[in-house]
There are 2 protein chains.
Amino acid sequence: MMKPVRTFADGLARLRNVGLRPTRQRLALADLLFGEGDRHVTAEALHGEAELAGVRVSLATVYNTLHQFTEAGLLREVVVDAGCCYFDTNVSDHHHFFFEGTGRLQDIAGSSLSVTDLPAPPEGASISRVDVVIRLREDGK
Amino acid sequence: MMKPVRTFADGLARLRNVGLRPTRQRLALADLLFGEGDRHVTAEALHGEAELAGVRVSLATVYNTLHQFTEAGLLREVVVDAGCCYFDTNVSDHHHFFFEGTGRLQDIAGSSLSVTDLPAPPEGASISRVDVVIRLREDGK
DNA sequence: GTGTTTGCAAAGTGTTTGCAATTTA
DNA sequence: TAAATTGCAAACACTTTGCAAACAC
């Protein structure tokens, strides 16, 4: 039987790539985060998932890890709701739908949407990112 | 001497217009908020201003008032930073610059900026608002 | 071994709530 | 006087921190 091939999606490789020690906790969280498709998670939610998956990890470590991953460019922070930080596993240039009722976040697929006539940044500042959030209300509620 | 003319900017008129009792606290806060041009305030900041102005009002009342004003359409809530709510006295359709370094918020003047090719909202939802935030980093820092 | 990472519990921040006292109409 | 509003202090949710024990290299 062959050793499984290491893909780039592999947790160990990801951590090595950004110079973070592959600890048990980081590997488990990376698996949860990058295991399947793009995700938007909060620290609490990810901690809950870890517990369900039988991974022993403290909430403090989840917070630390999410921030380390964000600094390393593996995640992107999205602010749409006061008092709640989302981390997006899709770090490419894209925008979001936000469901006001449920607090759910969803990537806007494709890159159809665009912002035109961007104003010049104020004197002494430069643009670090342009965020577009389309806020949605559920019909018939 | 003539009685001063009541403009729409007047606190009392504003409160009457939206059916809120013109209490001492609400009048004072309305003065601070709408007294001069467009503003972006946090609850804490407004509470601080009130104290400086010699207005006795509790922080809880500032929070209540900001939310009541928002519900009444006198203010608009802007979320750009986790753990900090801004209230904008400009309730017309517009977008924002956000200075990441200082946490300051600034209206984007004019309506030059526009979002094109807005995607259709997901099934069962409709668009409540489109927010664009241009995040800025101060040069040379 | 040495420096990094973790977990815990405590502290911190910003916000909301319950309720008696006060104010408005 | 009846209903709305306020202030206080306590409760809250979420996040960060300090430090000793555990771990990775």
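Every chain is numbered from 1 and lettered A, B, ... according to where its sequence line falls, protein lines coming before strand lines.
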Give the rounded distance in Å between these two atoms: [atom1] of [X] and [atom2] of [N].
| X | N | atom1 | atom2 | answer |
| --- | --- | --- | --- | --- |
| A/Leu27 | C/dT4 | CG | P | 19 Å |
| B/Leu59 | D/dC8 | CG | P | 11 Å |
| B/Leu46 | C/dT15 | CG | P | 12 Å |
| A/Leu15 | C/dT6 | CG | P | 10 Å |
| B/Phe69 | D/dT5 | CZ | C1' | 13 Å |
| B/Asp81 | C/dT13 | CG | P | 15 Å |
| B/Arg24 | D/dG7 | CZ | P | 6 Å |
| A/Arg56 | C/dG7 | CZ | P | 6 Å |

With nearest nucleotide decided by heavy atoms, which residue, B/Val62 or A/Cys85, maps closer to the 5′ end of DNA chain D?
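Closest to the 5' end, via its nearest nucleotide, is B/Val62.
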
Between A/His67 and D/dT16, does any side-chain N or O lie under 4.0 Å from OP1 or OP2?
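Looking at the OP1 and OP2 atoms of D/dT16, one of them is under 4.0 Å from a side-chain N or O of A/His67.
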
According to a strict under-4.0 Å criterion, is B/Tyr63 in side-chain N/O contact with OP1 or OP2 of C/dT15?
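It does, given that an N or O in the side chain of B/Tyr63 lies less than 4.0 Å from OP1 or OP2 of C/dT15.
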
Can you figure out which of [options] approaches the side chain of [X] most closely?
| X | options | result |
| --- | --- | --- |
| A/Ala60 | C/dG3, C/dC8, D/dT15 | C/dC8 |
| B/Thr61 | C/dT15, D/dG7, D/dT17 | D/dG7 |
| A/Thr23 | D/dC25, C/dG14, C/dT6 | C/dT6 |
| A/Ser58 | D/dT15, C/dT6, C/dG7 | C/dG7 |
| B/Arg21 | C/dT15, D/dA3, D/dT15 | D/dA3 |
| B/Arg26 | D/dT6, C/dT15, D/dT15 | D/dT6 |

Using modelled atom types and a 3.5 Å cut-off, is there a donor and acceptor pairing between side-chain atoms of B/Arg76 and backbone atoms of B/Ser92?
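Confirmed, B/Arg76 side chain pairs with B/Ser92 backbone.
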
I need the minimum non-hydrogen distance between A/Ser128 and B/Arg137, along with the two atoms involved.
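Heavy atoms of A/Ser128 and B/Arg137 come nearest at CA-NH2, 3.3 Å.
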
Residue matched to D/dA24 through Watson-Crick or wobble contacts both under 3.5 angstrom:
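With both distances under 3.5 Å, D/dA24 matches C/dT2.
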
Any strand counts, and the cut-off is 3.5 Å on both contacts for Watson-Crick or G-U wobble. Which nucleotide pairs with D/dC8?
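C/dG18 is the nucleotide pairing with D/dC8.
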
Nearest 0.5 Å, please: how far is CG in B/Leu75 from CG in B/Leu33?
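Result: 5.5 Å between the selected atoms.
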
How many angstroms lie between NE2 in A/His67 and CD in A/Glu77, if you round to the nearest 0.5 Å?
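So the NE2 of A/His67 and the CD of A/Glu77 are separated by 5.0 Å.
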
Closer to the 5' end of DNA chain C via nearest nucleotide, is it B/Gln25 or B/Cys84?
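Its nucleotide being nearer the 5' end, the pick is B/Cys84.
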
Stepwise ring pair (Phe, Tyr, Trp, His ring centres under 6.0 Å) test for A/Tyr63 and A/His47:
CA-CA 9 Å; A/Tyr63 274 105; A/His47 184 240; 9.0 Å; no

